[in-house]
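These notes are about the structure you will find just below.
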2 protein chains.
Amino acid sequence: MNQKHDREKVLRSGLHLFCSKGYNNLGVDEICKTTGMTKGAFYHAFEDKENFLLEAISTYGQNQVRYIHGKLDSTGEVKAIDRLKNFYLRMLEYQPEVNYMGCMINNMMSELGAINELVGKATSIEFARFVEAIEPTVKEAQQDGDLTPHISSEKMTELIHTTFYGTLTRAKSLSSAEKGIETMHLLFQTLSR
Amino acid sequence: MNQKHDREKVLRSGLHLFCSKGYNNLGVDEICKTTGMTKGAFYHAFEDKENFLLEAISTYGQNQVRYIHGKLDSTGEVKAIDRLKNFYLRMLEYQPEVNYMGCMINNMMSELGAINELVGKATSIEFARFVEAIEPTVKEAQQDGDLTPHISSEKMTELIHTTFYGTLTRAKSLSSAEKGIETMHLLFQTLSR
DNA sequence: AAATTTGTACCGACCGGTCTGTTTGACTAT
DNA sequence: ATAGTCAAACAGACCGGTCGGTACAAATTT
């Protein structure tokens with residue numbers, strides 16, 4: 001059963017495991033156990049653990065823009081600035097239970113040897129994808145007069161998302177999103193002048 | 001009878017190794033090789049690998065505030081805002097060769113099991129220490145009229161340092177500080193209005 | 001029946017930690 | 001001074017467990 005749909009499912013839950021446990025702490029046996037595969041099936045389907053991770057990351061990335069747009073729109077808010085705020089606050093609130101994949105993947109980098117560079121590239125691409133997906137909403141908020149027009153929407157989106165990365169780092173150690181939410185609020189407030 | 005090896009020196013280079021290689025990828029053998037100890041000496045001096053890391057973190061923390069103040073002052077700039085900018089740009093430029101310990105330690109968290117919480121706490125304390133050390137300079141810049149007085153200096157310092165954390169995450173994947181520096185510049189520019 | 005897929009026992013490398021014997025140097029007694 | 005004593009400090013071979021990956025037989029599909 002090498003159905004494409006199943007493969008994607010395995011990759012997704014594998015990535016999820018990597019995110020919560022890290023690279024070295026997650027054994028192939030556990031991936032197999034969780035996904036209901038056996039080791040034979042695993043090594044038949046994938047080259048090795050490293051390539052499994054890489055494929056998982058790449059598959060995840062392909063669905064990301066769609067995912068972000070969904071999250072941005074499904075907040076039920078009409079104004080762009082509120083959709084933005086809601087998006088980030090949601091992302092923070094779900095952390096660390098659900099975790100935020102990109103950041104976690106990045107955090108695993110120090111564990112990885114050879115594929116370090118590749119994962120780094122993937123993370124960098126991921127950042128760009130986020131910015132690309134969020135930028136239109138930022139621009140909309142600027143046109144609404146809710147964010148300052150003095151900065152280009154691209155640069156502003158980069159700033160917002162960089163700060164978000166920072167709040168994630170903090171949230172992880174605090175195991176609470178509270179402080180991060182406060183900081184994001186403060187940033188939006190600053191950018192509204 | 002005094003020990004042959006300077007405990008603090010060993011701890012420092014050990015932490016440095018942890019930061020660049022991660023917890024699981026750094027073997028006790030390598031710590032010993034790097035510091036010129038033998039395994040016997042290591043296990044005579046320290047309880048185990050975990051406690052070695054914890055002691056390294058704690059020792060590092062004790063020197064941190066002094067270190068930050070040194071960095072903040074040694075930039076040779078007279079104006080507070082310039083000292084601040086210089087401080088952060090320096091920190092970014094040295095990354096990832098030198099690495100920024102706190103952030104790296106945090107990034108190792110996903111690898112750690114039992115001591116996860118402790119390391120998290122250490123990182124959280126570290127953030128507070130940074131804010132505490134940097135805040136006076138931020139306040140000074142506010143008084144100089146170079147940063148907006150509309151936000152309390154504490155909150156502003158938190159925002160700045162959170163964004164800095166984010167730039168580090170990005171810098172790591174880009175293996176270049178360029179983008180991070182740009183973002184920090186933009187933040188300071190935004191906060192000057 | 002042939003080809004593909006799956007189950008599982010096993011291999012070997014690696015690594016944290018231990019064990020045992022050796023060295024070192026402060027202290028004492030001569 | 002010198003020799004002897006003792007415990008702390010150290011060296012490094014070794015052990016036990018873990019884990020990525022393989023081998024190969026069994027099962028399943030074509």
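So that the names make sense, note that chain A is the first sequence line, chain B the second, and so on, each numbered from 1. Just so it is clear, the structure is predicted and the values come from calculations on it, not from any experiment.
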Let's see if you get this right: which residues in residues 26-34 of chain B place a heavy atom under 4.0 Å from DNA chain C? Leu26(B), Gly27(B), Val28(B)
Mind checking side chain to side chain contact (heavy atoms under 4.5 Å, CB included) for Thr34(A) and listing every partner two or more places apart, or none if nothing turns up? Leu17(A), Glu30(A)
Under 3.5 Å, sequence neighbours excluded: what are the donor-acceptor pairs made by side chains of residues 37-47 of chain B?
residue: Thr38(B); atom: OG1; partner: Ala41(B); partner atom: N; Å: 3.4
residue: Lys39(B); atom: NZ; partner: Asp29(B); partner atom: OD1; Å: 3.4

Arg83(B) (side chain) donor-acceptor with Val78(B) (main chain) under 3.5 angstrom: yes
Between His44(A) and dT5(C), is there a side-chain N or O to OP1/OP2 distance below 4.0 Å? yes
Nucleotide dC10(D), atom P - distance to CZ of Phe42(B) in whole Å: 13 Å
By side chain to side chain contact (heavy atoms under 4.5 Å, CB included), which residues pair with Ser152(B), not counting sequence neighbours? Glu154(B), Lys155(B)
Taking CZ from Phe46(B) and P from dC10(D), how many angstroms apart are they, rounded to a whole number? 10 Å
Asn24(B) has an atom CG; how far is it from atom P of dG16(C), in whole Å? 8 Å
Rounded to whole angstrom units, what separation is found between the CD atom of Glu50(B) and the C1' atom of dC15(C)? 15 Å
Taking atom P of dC14(C) as reference, at what distance in whole Å does atom CG of Asn25(A) sit? 19 Å
Can you sort out the partners of Asp144(A) under side-chain hydrogen bond (donor to acceptor under 3.5 Å, both in side chains), two or more places apart, ordered by chain and number? none
Side-chain donor-acceptor contacts of residues 185-193 of chain A below 3.5 Å, not counting sequence neighbours, with atom names and distances?
residue: Thr190(A); atom: OG1; partner: Leu186(A); partner atom: O; Å: 2.8
residue: Ser192(A); atom: OG; partner: Gln189(A); partner atom: O; Å: 2.6

Give each protein N/O atom lying under 3.5 Å from an N/O atom of nucleotides 8-13 of chain C, with the pair distance.
residue: dT8(C); atom: O4; partner: Gly40(A); partner atom: N; Å: 3.3

Rounding to an integer number of Å, can you tell me how far Asp48(A) CG sits from dT22(D) P? 8 Å
What residues form a side chain to side chain contact (heavy atoms under 4.5 Å, CB included) with Lys33(A), not counting sequence neighbours? none
Kindly give the atom pairs (protein nitrogen or oxygen, nucleotide nitrogen or oxygen) under 3.5 Å for nucleotides 25-27 of chain D.
none

Residue set satisfying side chain to side chain contact (heavy atoms under 4.5 Å, CB included) with Ala133(B), at least two apart, ordered chain then number -> Val65(B), Ile68(B), His69(B)
For the pair made of NZ in Lys49(A) and P in dT22(D), what is the distance, rounded to whole Å? 14 Å
What residues form a side-chain hydrogen bond (donor to acceptor under 3.5 Å, both in side chains) with Ser58(A), not counting sequence neighbours? none
Pair Lys79(B) + Glu140(B): basic N to acidic O under 4.0 Å: no
Under the side-chain hydrogen bond (donor to acceptor under 3.5 Å, both in side chains) rule, collect the residues that match up with Gln142(A), sequence neighbours excluded. none
Whole angstroms only, please: what is the OH-P distance between Tyr43(B) and dC10(D)? 16 Å
